[in-house]
Amino acid sequence: MNVIEIRNLTKTYPEFTVDQVSLDVKQGYITGLIGPNGVGKSTLIKMMLGMIRPDSGSVKILGCKMPAQEVDIKQRIGIVSDDCFYYEHLTIRDMKKMIAPFYKKWDEQKFNRYLEQFELSPKKKIEQLSKGMKVKFALAVALSHEAELLIMDEPTSGLDPVFRREMLDLLADMMQNERNSIIFSTHITTDLDRIADYIAFINRGKLVFNEAKDTLFERYAIVKGDSELLDSDIRNKFIGIRETTVGFEGLVDNRQEAEDLFGNYALLDKPTLEDIMYFTAKGGRIHA
Amino acid sequence: MLNLLRKDFIALKSSLWMGLMFLTVFSAVFIPKHSSSVHLVGIYTAFATLSHATMIDVKNQNHNFLVTLPISRKNIVQAKYMMSIIISLVSVLASYGIHMFATSVFPVLNKPELTVMDIIGPAAIVLALASIYLPLFYSLSKKGTSIINGVFFILLLALAQPTAMFMNMINENRLHSDPTLYLILIGIILLFIVSYYIAAVLFTKKEL
């Protein structure tokens with residue numbers, strides 16, 4: 001079952017376009033939404049949440065249509081973003097008093113437990129919180145109303161490595177319940193290397209792929225070898241290639257074909273998500 | 001709706017003194033000098049408090065926060081209109097109370113006799129102003145709202161004298177039961193309702 005179903009979502013701005021994006025996010029899994037900055041990840045998430053109206057296309061979340069069933073959807077989802085807009089002059093306690101009554105399934109004990117775990121004092125004002133602490137607070141709110149789906153937009157970008165790890169563990173804990181799902185947009189791909197099950201890659205406003213992470217790592221390969229192995233036909237086999245005076249390093253999307261082509265003459269490595277993102281975003285030949 | 005009103009009161013909690021300050025300052029300015037002070041104190045306090053409340057929202061990019069909660073944009077607008085009714089009634093009644101107190105303690109102020117129209121009149125004027133102000137608040141950006149607040153402040157200063165004259169005319173000519181007056185009041189209520197629908201449409205279409 002899909003918790004998010006996006007069909008042909010389009011939004012045109014003078015600078016860029018989110019172009020006919022269709023995407024399914026599966027229930028019970030963590031889907032990482034990756035892509036370089038400014039390619040439309042946040043716009044896509046804002047369209048899912050009804051903050052931006054798409055020019056065309058449709059969004060279904062947890063089986064309900066956006067924006068027609070927006071209120072029902074938002075009872076069942078948690079939103080964590082690096083832009084947390086809370087009342088700066090209020091304390092955490094006041095913000096909680098403000099937010100909690102909106103949710104039918106608010107769990108006060110759970111919330112207090114998260115505050116303790118994240119070392120957030122309820123007496124602290126929002127304006128005194130660092131960016132990371134605000135994300136912690138947003139996460140505490142999102143996890144305290146039994147959200148079935150967490151939508152996270154660049155949540156780790158302002159966090160120190162210790163809390164980033166802690167947060168990833170928390171998300172993994174949340175996934176113990178098979179009903180729960182997470183979509184996690186980031187350009188810090190190492191976070192997704194650790195926890196994501198599926199990866200959706202957006203580049204220049206288009207969905208490049210949405211696949212299981214393991215399949216992706218089986219399919220893609222980084223090929224390293226001497227420059228003499230390359231000719232124009234072979235160069236075309238690469239999604240992106242980086243050439244130096246002594247050799248090359250490139251990404252292919254068919255490991256088997258690359259193995260057949262290069263045999264023992266080149267080294268085939270498992271790519272990281274960053275490699276996939278880098279070579280796909282850059283494309284063609286890169287000279288170092 | 002109740003949760004949204006509660007939210008506004010929590011947001012205003014730490015600056016409730018501002019409302020009291022507006023009331024004190026406008027009372028000190030208008031009561032000794034102006035025969036129509038009961039109206040002006042109510043109108044100025046109400047509008048200053050309303051624009052202070054919206055500025056708190058704007059400063060904290062409150063709309064971006066609200067749309068993450070399980071409430072519709074229509075409800076968000078509805079609650080703000082309800083809030084403006086509450087603010088205008090409380091301010092106008094506070095002004096009325098202060099004037100009742102002032103006239104009984106300081107008869108030398110020689111204030112005109114207070115009537116129900118001294119409550120309904122200023123409250124209607126505030127609602128008429130809010131009917132223009134709130135759709136702008138929901139359609140403009142942060143910078144735009146700051147400009148609009150400035151424009152409305154100047155507008156209020158300019159309208160002080162005509163308002164006083166209008167309210168005096170009603171009192172002096174004993175027009176309290178004139179049907180035209182009731183038509184104006186009904187017109188203001190209709191304007192307020194139409195304004196709500198416009199603000200709701202504008203805010204529903206607004207991109208955050």
Side-chain angles (χ1 to χ4, degrees), chain A residues 11 13 42-43 45-55 61 64 66-81 83-91 93-106 125-127 134 137-138 141-142 145 147 150-153, chain B residues 1-19 21 49 51-80 82-83 137-139 141-143 145-146 200-208:
Chain A
K11 179 78 188 174
Y13 290 107
S42 291
T43 307
I45 286 187
K46 283 184 171 183
M47 283 195 276
M48 284 183 214
L49 297 174
M51 296 168 89
I52 293 176
R53 303 289 178 210
D55 296 336
I61 297 178
C64 303
M66 273 294 281
Q69 293 166 285
E70 187 174 356
V71 178
D72 295 334
I73 291 170
K74 285 180 181 170
Q75 276 291 349
R76 296 165 65 193
I77 65 170
I79 300 161
V80 180
S81 153
D83 285 328
C84 306
F85 299 106
Y86 297 120
Y87 285 96
E88 295 283 325
H89 64 288
L90 295 182
T91 61
R93 183 183 287 136
D94 286 335
M95 274 314 299
K96 189 272 299 173
K97 276 189 201 162
M98 211 183 240
I99 296 168
F102 286 99
Y103 292 101
K104 290 175 190 163
K105 291 185 181 173
W106 182 264
K125 286 191 173 180
I126 301 294
E127 65 194 0
K134 281 183 191 169
F137 175 59
V141 170
H145 64 86
L150 268 193
I151 297 182
M152 309 177 89
D153 187 12
Chain B
M1 168 77 97
L2 276 178
N3 288 334
L4 282 163
L5 289 175
R6 195 164 172 273
K7 170 209 82 75
D8 272 346
F9 281 113
I10 294 172
L12 278 170
K13 196 177 69 176
S14 60
S15 54
L16 274 181
W17 63 271
M18 290 281 281
M21 188 194 74
T49 311
S51 79
H52 173 64
T54 55
M55 277 319 285
I56 288 180
D57 284 353
V58 167
K59 196 179 139 201
N60 293 287
Q61 302 195 47
N62 167 261
H63 292 153
N64 293 55
F65 158 64
L66 286 179
V67 292
T68 64
L69 295 174
I71 25 162
S72 70
R73 291 200 189 194
K74 247 183 200 167
N75 270 334
I76 294 171
V77 178
Q78 245 170 36
K80 193 57 80 187
M82 190 55 79
M83 189 70 180
F137 165 65
Y138 279 108
S139 56
S141 61
K142 189 176 180 177
K143 198 178 164 191
T145 310
S146 308
V201 169
L202 288 173
F203 188 51
T204 307
K205 286 183 179 170
K206 191 175 180 181
E207 302 209 329
L208 298 165

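Residue numbers begin at 1 in each chain, while the letters A, B, ... track the order of the sequences.
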**Q** Determine yes or no for a side-chain-to-main-chain donor-acceptor pair under 3.5 angstrom, with Arg6(B) supplying the side chain and Pro101(A) the backbone.
**A** no
**Q** Please look at Leu66(B) and chain A and tell me whether the side chain, the backbone, both or neither of the residue comes under 4.5 angstrom of a heavy atom of that chain.
**A** neither
**Q** For residues Val67(B) and Leu49(A), determine if any side-chain heavy atom of one lies less than 4.5 Å from a side-chain heavy atom of the other.
**A** no
**Q** Tell me, do Met18(B) and Leu12(B) make a side-chain contact under 4.5 Å, heavy atoms counted?
**A** no
**Q** Just give me the residue among Met98(A), Met95(A), Lys104(A) that pairs up with chain B most often, heavy atom to heavy atom, under 4.5 Å.
**A** Met98(A)
**Q** Give a yes-or-no answer on whether the side chains of Asp94(A) and Thr91(A) include a donor-acceptor pair shorter than 3.5 Å.
**A** yes
**Q** If you count heavy-atom pairs under 4.5 Å with chain B, which of Lys11(A), Glu70(A), Arg76(A) comes out on top?
**A** Lys11(A)
**Q** Quick check, are the ring centers of Phe85(A) and His63(B) under 6.0 angstrom apart?
**A** no
**Q** Name the region of Leu4(B), side chain, backbone, both or neither, that has any atom closer than 4.5 Å to a heavy atom of chain A.
**A** both
**Q** Name the region of Ile79(A), side chain, backbone, both or neither, that has any atom closer than 4.5 Å to a heavy atom of chain B.
**A** side chain
**Q** Between His89(A) (side chain only) and Ala11(B) (backbone N and O only), is there a donor and an acceptor less than 3.5 Å apart?
**A** yes
**Q** Tell me, for Lys59(B) versus chain A, whether the close heavy atoms (under 4.5 Å) come from the side chain, the backbone, both or neither.
**A** neither
**Q** For the interface with chain B, which of Lys46(A), Arg53(A), Gln75(A) has the highest count of heavy-atom pairs at distances below 4.5 Å?
**A** Arg53(A)
